[in-house]
Amino acid sequence: MLDKRFIRDNPDAVKDAVRLKGVDLDVDELLALDQENRKLQFEVDEAQARRKSFAKQFAKADEARRAELRAEHVEFDRQLQDLRERLAQTSARLSELMLLAPGIPWEGAPVGPDESANVVIRTVGTRPEFDFPPLDHTELAEKRGWAEFARARRVAGERAYALVGDMVMLERAVHSYALDLLRERDFTPVAVPALVKEAPLVGTGMFPKGRDEIYEIPADDAFLAGTAEVALVGLHSGEILDAGQLPIRYAGISPCFRREIGSASRDVRGLLRVHQFEKVEQFVLCVNDPAESARWHAELLATAERILTDLGLHYEVVECATGDMGLGKFRMNDINTWFPTLDRFRETHSCSTLHDWQARRANLRYRDSGGNIHFAHTLNNTAVATPRLLAAILENFQTADQQVRVPEVLRPYLGGRDLL
RNA sequence: GGUGGAGUCGCCUAGUGGCCGAGGGCGCACGCCUCGAAAGCGUGUGAGGGGGCAACCCCUCCGUGGGUUCAAAUCCCACCUCCACCGCCA
């Protein structure tokens, strides 16, 4: 969400953002509606002030006078009611449009309609070389009995999987390692609900635009969140924090659910694109200062890169284009990890700064030392998301005899084993 | 799932239709007092929106949303959350 005053004062900046992000929003309509809404608000306020003084007169009046007063105010009440209804209508419509107002993207973002305009800003590590034909992760996992696909699909339908045996232990190792690394960096682990209400989905910006992507449980007015970010933002929603509590750093863990509604028949095989996965998420809530959130953005990105270099994986960092970054984002960097059998990189991490766009939606504020209240800045980035990252490990570290070399940092979590 | 109780301005609390458009205490801030502090005394102390050049003024908010009424923290309905007990259960 944007500040209405900001939109009034900088309509061109908002229009630019609408264009750059390819948002379907008429800024002029929003501005006109805002003006109309304020006018009605003013009129309703005035009318209600009169209405209140009337009620006071009434209290002091005798029965005869009361009858007169009632008659006198019938028409006034009717008008007030009419005004109220008009205000309710414009303000409902205004709120709808406000939810579609995009965050202003940073000036360094490549301009373009979608991910094809993204720019690789660095590539780290080297491609592994094999003196044998490497198996793709699906085949390797099946051969080693590390995953069930056909059987899992009998249980849960398309894109379902079950991890088995050492793959489960490897998943746990990856998560434990990531969590320990984040704890060293003063991130507090938080295991959050994945089953959430609508409000935090609107608050994070997942709704209304991304509604199709979220599993809904109508019987309970609940939804399955696609990321721990939903609950992490929701945790402090509506609060006024003390500046001394900031920055808040969370390592969120939760299962994540995605319908993949726009990806029908894409990556249907294996562990790359699934409806349910496990993620450790980095989350930061800091003061409303672009320099401060920029520092955190760099740190979140660096931590994700550290994880990949620790694991020995080859990756590229991408500067995401305006049309790819999503409605609320100021800046987004994806990290794509190398998959040998695909002969290309695939997204494993996504680092985002939202400035105060998300905090405004979620009503997430803090009080500075001068007593002034501000909306916070929020940032998030993947630490590890499995099983996609497991697939990368399998493919990159496989041996000729279909074993998998365990990255050194994971060995302590696997009883010291160096091969699976 | 059942029964009963509860949700008030940071915290505790008063409040059962107009004197509550919210009182008190704690905490906090400032001032007085003091060499300094504590204690004491005094003053102030929520959020959102709108109007005005301004000092200021107005509206909304007592879990949320509806309703009754000239008037709702207070009455009615639904929902949410919490507590207690019963049932069920990893």
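So that the names make sense, note that chain A is the first sequence line, chain B the second, and so on, each numbered from 1. None of the values given here were measured: they were computed from a predicted structure.
- B:rG7 is paired with B:rC80 under the Watson-Crick or G-U wobble criterion, all donor-acceptor distances under 3.5 Å.
- As rounded to the nearest Å, B:rG2 and B:rG10 have C1' atoms that lie 37 Å from one another.
- Heavy atoms from other residues, nucleotides or ligands lying under 6.0 Å from CZ of A:Arg269 number more than 12.
- Pair check for B:rU68 finds none; no Watson-Crick or G-U wobble contact set falls under 3.5 Å.
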Polar atoms only, N or O, under 3.5 Å: list the protein pairs with nucleotides 77-83 of chain B and their distances.
none

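- Residue pairs meeting the ring-ring contact (aromatic ring centres under 6.0 Å, His included) criterion with at least one partner in residues 276-313 of chain A, sequence neighbours excluded, are absent.
- By the 6.0 Å contact criterion, CD on A:Glu29 is enclosed, its count of non-hydrogen atoms from other residues, nucleotides or ligands being greater than 12.
- Under the Watson-Crick or G-U wobble criterion, with both distances below 3.5 Å, B:rG87 is left unpaired in every strand shown.
- To the nearest whole angstrom, the two C1' atoms, one in B:rA6 and one in B:rC59, are 31 Å apart.
- Taking atom CE of A:Met98 as the reference point, atom C1' of B:rG48 lies 14 Å away to the nearest angstrom.
- Distance noted for atom P between B:rU74 and B:rG66: 14 Å (whole Å).
- When both distances must be under 3.5 Å, the Watson-Crick or G-U wobble mate of B:rA73 does not exist.
- When both distances must be under 3.5 Å, the Watson-Crick or G-U wobble mate of B:rC53 does not exist.
- Every pair passing salt bridge (charged side-chain N to carboxylate O under 4.0 Å, His left out) that includes a residue from residues 166-183 of chain A is listed here, sequence neighbours excluded: A:Asp166-A:Arg417, A:Asp180-A:Arg183.
- Going from the C1' atom of B:rA22 to that of B:rU8 covers 8 Å, rounded to whole Å.
- Pair assignment for B:rC61 gives B:rG46, based on Watson-Crick or G-U wobble hydrogen-bonding distances that are each under 3.5 Å.
- Applying the side chain to side chain donor-acceptor pair (under 3.5 Å) test to every pair with at least one member in residues 186-201 of chain A, sequence neighbours left out, gives these pairs: A:Glu198-A:Arg211.
- Distance CZ (A:Arg367) to P (B:rA29): 14 Å, rounded to an integer number of Å.
- Here, B:rC77 and B:rC19 have their P atoms 25 Å apart, quoted to the whole Å.
- Taking the charged nitrogens against the carboxylate oxygens, A:Asp34 and A:Arg8 do have a contact shorter than 4.0 Å, which makes a salt bridge.
- Across all strands, A:Arg365 comes closer than 4.0 Å only to sugar-phosphate atoms, never to a base (heavy-atom distances).
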Item to complete: Using a 4.0 Å heavy-atom cut-off, write out nucleotides 49-75 of chain B from 5' to 3' as B (base contacted by protein), S (sugar-phosphate only) or - (no contact).
Response: BSS------SSS---------BS----

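- With a cut-off of 3.5 Å on both pairing distances, B:rC20 has no Watson-Crick or G-U wobble partner at all.
- Comparing the C1' positions of B:rC53 and B:rG42 gives an interatomic distance of 35 Å, to the nearest angstrom.
- One P atom belongs to B:rG65, the other to B:rU60, and the distance between them is 15 Å to the nearest Å.
- Under the Watson-Crick and G-U wobble criteria, each requiring two contacts below 3.5 Å, nucleotide B:rU34 is left unpaired.
- By the side-chain contact (heavy atoms from CB on, under 4.5 Å) test, A:Glu96 pairs with A:Arg93, sequence neighbours left out.
- Annotation: ring pair (Phe, Tyr, Trp, His ring centres under 6.0 Å) contacts of A:Trp357 (sequence neighbours excluded): none.
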Pairs under 3.5 angstrom only: tabulate donor-acceptor contacts from the side chains of residues 298-305 of chain A to other protein residues two or more places apart or in another chain.
{"unit_1": "A:Thr303", "atom_1": "OG1", "unit_2": "A:Arg185", "atom_2": "NE", "d": "3.2"}
{"unit_1": "A:Thr303", "atom_1": "OG1", "unit_2": "A:Glu299", "atom_2": "O", "d": "3.0"}
{"unit_1": "A:Glu305", "atom_1": "OE1", "unit_2": "A:Arg122", "atom_2": "NE", "d": "3.3"}
{"unit_1": "A:Glu305", "atom_1": "OE1", "unit_2": "A:Tyr315", "atom_2": "OH", "d": "2.6"}
{"unit_1": "A:Glu305", "atom_1": "OE2", "unit_2": "A:Arg122", "atom_2": "NE", "d": "3.2"}
{"unit_1": "A:Glu305", "atom_1": "OE2", "unit_2": "A:Arg122", "atom_2": "NH2", "d": "2.5"}

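- With sequence neighbours left out, the side-chain contact (heavy atoms from CB on, under 4.5 Å) criterion links A:Arg360 to A:Met1, A:Asp3, A:Asp356, A:Phe375.
- Here the separation of B:rA78 from B:rG1, taken at their P atoms, is 16 Å to the nearest Å.
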